[in-house]
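Encoded as structure tokens, the structure appears first; notes follow it.
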Amino acid sequence: MRGLLIVGILAFYAPILSAQQSVAEVEAHKHLGVASCASSVCHGQTKTPKDAKVQMNEFALWQEFDPHAKSYDVLLNASSKAIASKLGIGPAENAKICLDCHTDNAPAAMRGEQFQIDDGVGCEACHGGAENWIASHTKGSHADNLAAGLFPTEDPVKRAELCQSCHAGTKDRMITHRIMGAGHPRLSFELDTFTWLHPHYTVDADYETRKGRFDGVRDWGVGQGQAAVNLIDILLDKKVGWHGIFPELVLFDCHACHRPMSGKKWGPRQGTGLGPGVVRLNDSNLVMFRHVLAAVDSNGAKRVLDQTRALHHATTESLAATDTAARNLRQTVTGLLPAVGQKNFGVETLGTILGSIVADADRGEFRDYANAEQAAMAAQSLVVAFENAGLLDEAATNRLRARSDAVLDAVANDENYTMAQFVEALKALRAAAP
Ligand code: HEC
Ligand code: HEC
Ligand code: HEC
Ligand code: HEC
């Protein structure tokens, strides 16, 4: 009973843990290096052995297709040299700030003999230091492995924290506007889309028996809430969130500043309630989280909308007001996250979510590119879910895919994004969906 209670409390508080926490977990045990996973009798096989639970070709797939395998090499290229030189930080491949996100930068004392920094974002950067589970993990249950320090990458909340520690930045691994100003690409992330861009894993019936239900729409929803919390945490941190008289600009909508003055593109957005000429926080994840909630808790969605508007307004008032509004919103989002994580996003919820996004499009919410970009990735997740639900024949599937490609095309380039084209593509997608 007591055990159950503790598990219950942990499950409730889990989403409130920060990305820092997951980095600490990944670094808690010695990292033995990719070579210790990659041998031809381990994860370096080309054919799956008959009795194996996992494919055993993970290393080969990672090495060939996954950009993480080449993320150290990026630090040696001309762009990185230019960025590092503009920042005056010495060679990028020696700079901690770059290594933290582009490699498995475990502390020196936590590196085993076969560990090599130039392996890039290697297995243990995500799966956790293998010191305590390397010998036993083929024999025990998944729960045994987790207890020995394997990081729970299958858990969407934990995975979101982990991926965002590099794909959005945290207090410790921070991507600043200064780094962007020196030429670093803008970061954008969506948990479900990115989980399936270059996978070295397969989710089948056996996977679900070992690790539980896999639901892409749930992962999308959890990823949005967790990303919003991550942004709020950086905003609340006086050291990382502020420089001189300015807040860290990376937390704001890039295109609020970076666009031509002749555009005359300003128009109201209900989600901000702000007037023209105001720099606004990048609220794309909060906007998307509202759409997830449309199928989970519509009162919650309303609360997130009201408190997001309050936060936008507070940023035009004072630092103290911003702090209070950010804390209120954080509490609301973390309070709602468990329900999203536990929701079974059945086929009836998909149309609700898509409808909610389209209604927002009609109200002009996708004026800001970052919001449209997130909505486009959401649309992809929903289309895959419609397909998986088995509701579509081949012709309908092809039509839906073509329309979701058009939605993606409409956000392909942030510098010539036009809201009208995006909204039209989104509506055409809605019309083709079941
Ligand atoms: C918070 C984590 C983070 C930090 C800090 C960071 N990067 Fe990156 N970097 C990324 C991610 C994530 C991408 C991939 C973006 C994408 O494709 O979505 C990337 C992409 C890049 C690219 C473009 C890669 C390509 O294939 O074209 C270059 C170049 C780069 N980073 C160099 C650097 C340098 C140099 C530093 C240090 C000054 C640095 N990065 C610091 C996370 C980070
Ligand atoms: C960028 C993060 C990341 C890196 C790097 C990474 N993995 Fe994974 N791995 C994942 C995710 C996410 C999953 C899917 C969720 C899960 O099952 O835990 C996964 C799943 C797996 C699985 C389980 C498949 C199953 O059916 O249960 C194995 C085995 C695996 N990875 C091995 C490796 C090996 C070996 C490497 C290095 C060559 C590696 N991974 C590198 C994130 C990563
Ligand atoms: C230690 C930092 C780190 C972690 C943790 C991490 N990534 Fe990355 N990721 C990077 C960097 C750096 C790049 C860019 C590599 C390059 O351009 O070669 C990248 C690139 C990617 C790309 C390629 C993007 C593209 O445009 O094709 C995907 C997809 C991706 N990451 C997904 C994930 C997912 C999913 C997770 C969590 C399971 C994750 N990453 C965790 C650092 C990280
Ligand atoms: C509050 C306004 C503001 C916001 C928000 C903002 N920037 Fe900037 N950005 C600037 C200013 C000011 C400069 C410096 C221009 C100069 O040096 O002439 C700059 C410079 C840059 C540069 C260098 C451009 C060049 O010509 O060298 C890049 C790249 C950049 N920002 C990217 C971004 C990205 C990506 C975001 C969003 C994550 C963003 N900015 C958000 C105001 C902003």
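Ligands are counted one by one from 1 in listed order, and the atoms in each one are counted from 1 as well.
- For Leu191, the heavy-atom gap to ligand 3 stays at 4.0 angstrom or more.
- Inclusion of Arg186 in the set of residues having an N or O under 3.5 Å from an N or O of ligand 4 is not warranted.
- Listed by number with element, the atoms of ligand 4 under 4.0 angstrom from any heavy atom of Asp253 are 5 (C).
- Asp253 and His255 form no side-chain donor-acceptor contact under 3.5 Å, judged by distance and modelled atom types alone.
- Each of Trp196, Tyr207, Phe214 was compared with Tyr201 under the ring pair (Phe, Tyr, Trp, His ring centres under 6.0 Å) criterion, and only Trp196 meets it.
- Between His137 and Trp133, the two ring planes are perpendicular [angle over 60°; tilted spans 30° to 60°].
- The contact set between ligand 3 and Thr103, taken as ligand atoms under 4.0 Å from a residue heavy atom, comprises 1 (C).
- Cys126 is listed as a side-chain neighbour of Leu162, based on a closest heavy-atom distance under 4.5 Å.
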Practice task
Take Gln114 and Leu32 through the side-chain contact (heavy atoms from CB on, under 4.5 Å) test and state the conclusion after the steps.
Solution key: CA-CA 6 Å; Gln114 290 183 291; Leu32 307 179; 5.9 Å; no
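- Cys101 O, 3.3 Å is the protein heavy atom nearest to atom 42 (C) of ligand 3.
- Inclusion of His198 in the set of residues having an N or O under 3.5 Å from an N or O of ligand 3 is warranted.
- Inter-residue side-chain proximity for Lys158 and Phe151 is flagged as met; some heavy-atom pair is nearer than 4.5 Å.
- At least one heavy atom of Gly122 lies less than 4.0 angstrom from ligand 2.
- Within the 4.0 Å heavy-atom criterion, both parts of Glu154, backbone and side chain, lie near ligand 2.
- Within the structure, the closest approach of Arg210 to ligand 2 falls below 4.0 Å when heavy atoms are considered.
- Just one residue in the list Gln374, Arg309, Arg290, Arg269 forms a side-chain hydrogen bond (donor to acceptor under 3.5 Å, both in side chains) with Asp283, and that residue is Arg269.
- Atom 29 (C) of ligand 4 has its closest protein heavy atom at Met180 O, 3.1 Å.
- Considering only non-hydrogen protein atoms, atom 23 (C) of ligand 2 sits nearest to Lys211 NZ, 3.5 Å.
- Distance check on atom 8 (Fe) of ligand 4: some protein heavy atom falls below the 4.0 Å cut-off.
- Pro338 places a side-chain heavy atom less than 4.5 Å from the side chain of Gln342.
- Atom 14 (C) of ligand 3 has Ser71 CB, 4.5 Å as its closest protein atom, hydrogens excluded (heavy atom only).
- The closest side-chain heavy-atom distance from Ile89 to Cys98 is below 4.5 Å.
- Taking the six-membered ring for Trp and thresholds of 30 and 60 degrees, His291 and Phe366 have ring planes inclined between 30 and 60 degrees apart.
- Protein heavy atom at the shortest distance from atom 24 (C) of ligand 3 is Phe194 CE2, 4.0 Å.
- Regarding atom 3 (C) of ligand 4, its nearest protein heavy-atom neighbour is Cys257 SG, 2.7 Å.
- Near atom 8 (Fe) of ligand 2, less than 2.8 Å away, sit the protein N, O or S atoms His127 NE2, His200 NE2.
- The side-chain heavy atoms of Met377 and Phe194, taken from C-beta on, include a pair separated by under 4.5 Å.
- The closest protein non-hydrogen atom to atom 26 (O) of ligand 3 is Leu197 CD1, 4.8 Å.
- In this structure the side chain of Thr349 reaches within 4.5 angstrom of the side chain of Lys343, judged on heavy atoms.
- Here the protein heavy atom with the shortest distance to atom 16 (C) of ligand 3 is Val74 CG2, 3.7 Å.
- Side chain of Asp119 to main chain of Gly122: no donor-acceptor pair is present (N/O by atom type, distance under 3.5 Å, no hydrogens or angles).
- Looking only at heavy atoms of the protein, atom 25 (C) of ligand 2 is closest to Val54 CG1, 3.4 Å.
- Below 4.0 Å from some heavy atom of Leu162 lie the following atoms of ligand 3, by number and element: 5 (C).
- Polar contact check, His258 against ligand 4: a nitrogen or oxygen pair lies under 3.5 Å apart.
- Taking 4.0 Å as the cut-off, Asn282 does not count as a neighbour of ligand 4 on heavy-atom distance.
- Taking atom 13 (C) of ligand 4 as the reference point, the nearest protein heavy-atom neighbour is His177 CE1, 4.0 Å.
- Shortest contact from atom 12 (C) of ligand 2 to any protein heavy atom: Arg159 CD, 3.5 Å.
- In this structure, His167 has its ring center closer than 6.0 angstrom to the ring center of Phe189.
- Taking every non-hydrogen atom of His43 and a distance limit under 4.0 Å, the qualifying atoms of ligand 2 come out as 29 (C), 35 (C).
- Considering only non-hydrogen protein atoms, atom 15 (C) of ligand 2 sits nearest to Tyr207 OH, 3.4 Å.
- Of the protein's non-hydrogen atoms, His68 CE1, 3.6 Å is the one closest to atom 32 (C) of ligand 3.
- Counting only heavy atoms of the protein, atom 34 (C) of ligand 3 lies nearest to Cys163 SG, 3.4 Å.
- The shortest N or O to N or O distance between His167 and ligand 3 is below 3.5 Å.
- Within the 4.0 Å heavy-atom criterion, both parts of Pro67, backbone and side chain, lie near ligand 3.
- The distance between the ring centers of Tyr72 and His102 does not fall below 6.0 angstrom.
- For atom 27 (O) of ligand 4, the candidate residues are Pro185, Gly181, Cys254; the nearest heavy-atom contact is made by Gly181.
- Side-chain contact between Met174 and Asp100 is absent, with no heavy-atom pair separated by less than 4.5 Å.
- At least one heavy atom of Val121 sits closer than 4.0 Å to an atom of ligand 2.
- Closest to atom 1 (C) of ligand 3, if we only count protein heavy atoms, is Cys166 SG, 2.8 Å.
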